[in-house]
Amino acid sequence: MPLTNFTRRYPQDAPLPSAGLWFIANQHGIIVSKQQKNVQMPSGAWPLSAMAQPVGVLMIGEAAGVPCLACNVPDDVTLPESFRAFSLRDLYGHVDDLHYAIAGYATQLLHWQRSSNFCANCGNPLDPIAGEWGKRCPRCGFTTYPPVNPCTITLVHDGERILMTHKRGWGARYGLVAGFVEPGETLEENVAREIEEETGVAVRDIQYWRSQPWPFPHQLMCGFYAQYAGGEVKIDGVELDNAQWFTVADLRAGKPDIPPPLSIARQLIDNWLAQFG
């Protein structure tokens, strides 16, 4: 989901705000305030008081003029009774869309800050680059920035049916063909290659629809539609363990289980179904 009504901020040589909207993370997820069924991102002064001290606080932006602060806390911290940790996936639907989108952004920045402390070229500790999220090696000059890995995900359609795929461990749920873009490859080339490699079919009329940040941990999902152009479904047996055509009637009858509303896969499916009334 897009980060609308949010202004990004970058590292500054200035004191951090002492209060704001907090995006607190550890290995258990994002820590939120929970009063009965009411779940909110903590706000105000540091919310966990003496129970845990923030680690690596980042000022990442402002939402409606309120500073957004991201930080880590130790994994073994005991949370107050009115707080709990949600995984980023489970948090969806419990807080408003803007705060969820900011939580995804914060999670990516925090993950990168924790995992990018040494130069990939010479192993020397990295220094922060002033005014940016990047880091630079003082020994060899190597620079690095928070990564974004482009992926395509495609709904292959043929009349009133679509091609859906299944991986081991997914239970009854089916999804759409997706894959990472390789060096020297356009998005459209990736769509055609991934579909052919994983399912054996050819496609035409490849049309971009929209994209979605997918912070698990650093993907940008680029959604496409493509028209079936020929070939029999033959799975690769590596990425997938099944692929089948499903009709409009199948989907409306709840067959198969489909991805959750959070995902662009589900949004592609819902948008395609809408044309049939």
Side-chain angles (χ1 to χ4, degrees), residues 1-2 88-89 92-93 97 101 104 147-277:
M1 53 192 65
L88 191 57
R89 291 178 189 269
Y92 180 73
D97 287 351
V148 177
N149 300 318
C151 307
T152 65
I153 182 163
T154 308
L155 185 149
V156 180
H157 56 95
D158 181 35
E160 293 194 7
R161 62 178 190 164
I162 62 173
L163 182 61
M164 300 194 70
T165 61
H166 187 272
K167 291 186 177 184
R168 294 177 181 86
W170 276 8
R173 179 169 61 85
Y174 276 67
L176 304 178
V177 177
F180 287 96
V181 179
E182 295 190 356
E185 188 174 52
T186 68
L187 295 174
E188 291 78 8
E189 288 169 343
N190 177 263
V191 167
R193 178 182 60 79
E194 288 285 350
I195 293 168
E196 192 280 328
E197 288 180 355
E198 294 188 10
T199 70
V201 307
V203 294
R204 59 182 174 83
D205 192 25
I206 297 169
Q207 298 289 329
Y208 172 77
W209 185 54
R210 66 173 60 160
S211 61
Q212 178 189 42
W214 194 245
F216 303 103
H218 298 293
Q219 281 73 56
L220 176 65
M221 303 301 296
C222 302
F224 285 83
Y225 290 99
Q227 174 72 46
Y228 170 69
E232 294 187 10
V233 175
K234 183 179 180 181
I235 60 169
D236 64 357
V238 178
E239 291 284 337
L240 306 175
D241 65 2
N242 198 9
Q244 295 184 44
W245 291 101
F246 292 94
T247 66
V248 171
D250 291 333
L251 293 166
R252 289 184 171 158
K255 175 187 176 184
D257 286 352
I258 60 178
L262 165 64
S263 68
I264 194 171
R266 173 63 170 273
Q267 295 159 27
L268 282 159
I269 294 167
D270 287 347
N271 183 65
W272 178 79
L273 281 172
Q275 70 182 298
F276 298 100

Would you check if the side chain of Gln212 reaches a backbone N or O of Ile264 as a donor-acceptor pair within less than 3.5 Å?
yes

Nearest 0.5 angstrom please: Asn271 CG to Leu155 CG, how far?
9.0 Å

Do Asn149 and His218 touch side chain to side chain, with heavy atoms closer than 4.5 Å?
yes

Taking atom CD as the centre, does Glu232 end up with more than 12 heavy-atom neighbours from other residues, nucleotides or ligands that are less than 6.0 angstrom away?
no

For Cys222 and Tyr208, work out which heavy atoms get closest and say how close.
CB-CE1, 4.3 Å

Quick one, Phe224 and Val177 - any side-chain contact, counting heavy atoms below 4.5 Å?
no

Roughly how far apart are Thr152 OG1 and Ile206 CD1, rounded to 0.5 Å?
9.0 Å

Any idea which heavy atoms bring Asn190 and Glu185 closest together, and the distance?
ND2-OE1, 3.1 Å

Walk me through whether Glu239 and Thr165 qualify under side-chain contact (heavy atoms from CB on, under 4.5 Å).
CA-CA 10 Å; Glu239 291 284 337; Thr165 61; over 6 Å; no

What pair of heavy atoms forms the shortest contact from Glu194 to Phe180, and how long is it?
OE2-O, 3.7 Å

Could you tell me the separation between the CG atom of Asp241 and the CH2 atom of Trp170, rounded to the nearest 0.5 Å?
9.5 Å

State whether the side chain of Arg204 and the backbone N or O of Gln227 hold a donor-acceptor pair below 3.5 Å, judged by distance alone.
no

Quick check: does any side chain N or O of Asp250 sit under 3.5 Å from a backbone N or O of Pro256, one acting as donor and the other as acceptor?
no

Looking at every non-hydrogen atom in both residues, tell me the closest pair between Ala243 and Thr199 and how far apart they are.
CB-CG2, 4.4 Å

If I take atom CE from residue Met221 and atom CD from residue Gln267, how far apart are they, to the nearest 0.5 angstrom?
11.0 Å

Please state whether the rings of His166 and Tyr174 are parallel, tilted or perpendicular, taking 30° and 60° as the class boundaries.
tilted

To the closest 0.5 Å, what do you measure between CH2 (Trp245) and CZ (Arg161)?
5.0 Å

State, to 0.1 Å, how close Gln219 and Cys151 come at their nearest heavy-atom pair, and which atoms those are.
CG-SG, 3.6 Å

Heavy-atom side-chain proximity of Trp272 to Leu251 below 4.5 angstrom:
yes

Roughly how far apart are Thr247 OG1 and Lys255 NZ, rounded to 0.5 Å?
8.0 Å

Would you call Thr154 and Leu176 a side-chain contact if the rule is heavy atoms closer than 4.5 Å?
no

Is there a donor-acceptor pair under 3.5 Å between the side chain of Tyr225 and the backbone N or O of Asp205?
no

Here the pair of heavy atoms bringing Val201 nearest to Gly231 is CG1-O, 3.7 Å

Report yes if the side chains of Val233 and Gln244 come closer than 4.5 Å at any heavy-atom pair, otherwise no.
no

Please confirm whether the backbone N or O of Leu240 pairs with a side-chain atom of Asp236, one donor and one acceptor, at under 3.5 Å?
yes

Without swapping roles, check the side chain of Glu160 against the backbone of Phe246 for a donor-acceptor pair under 3.5 Å.
no

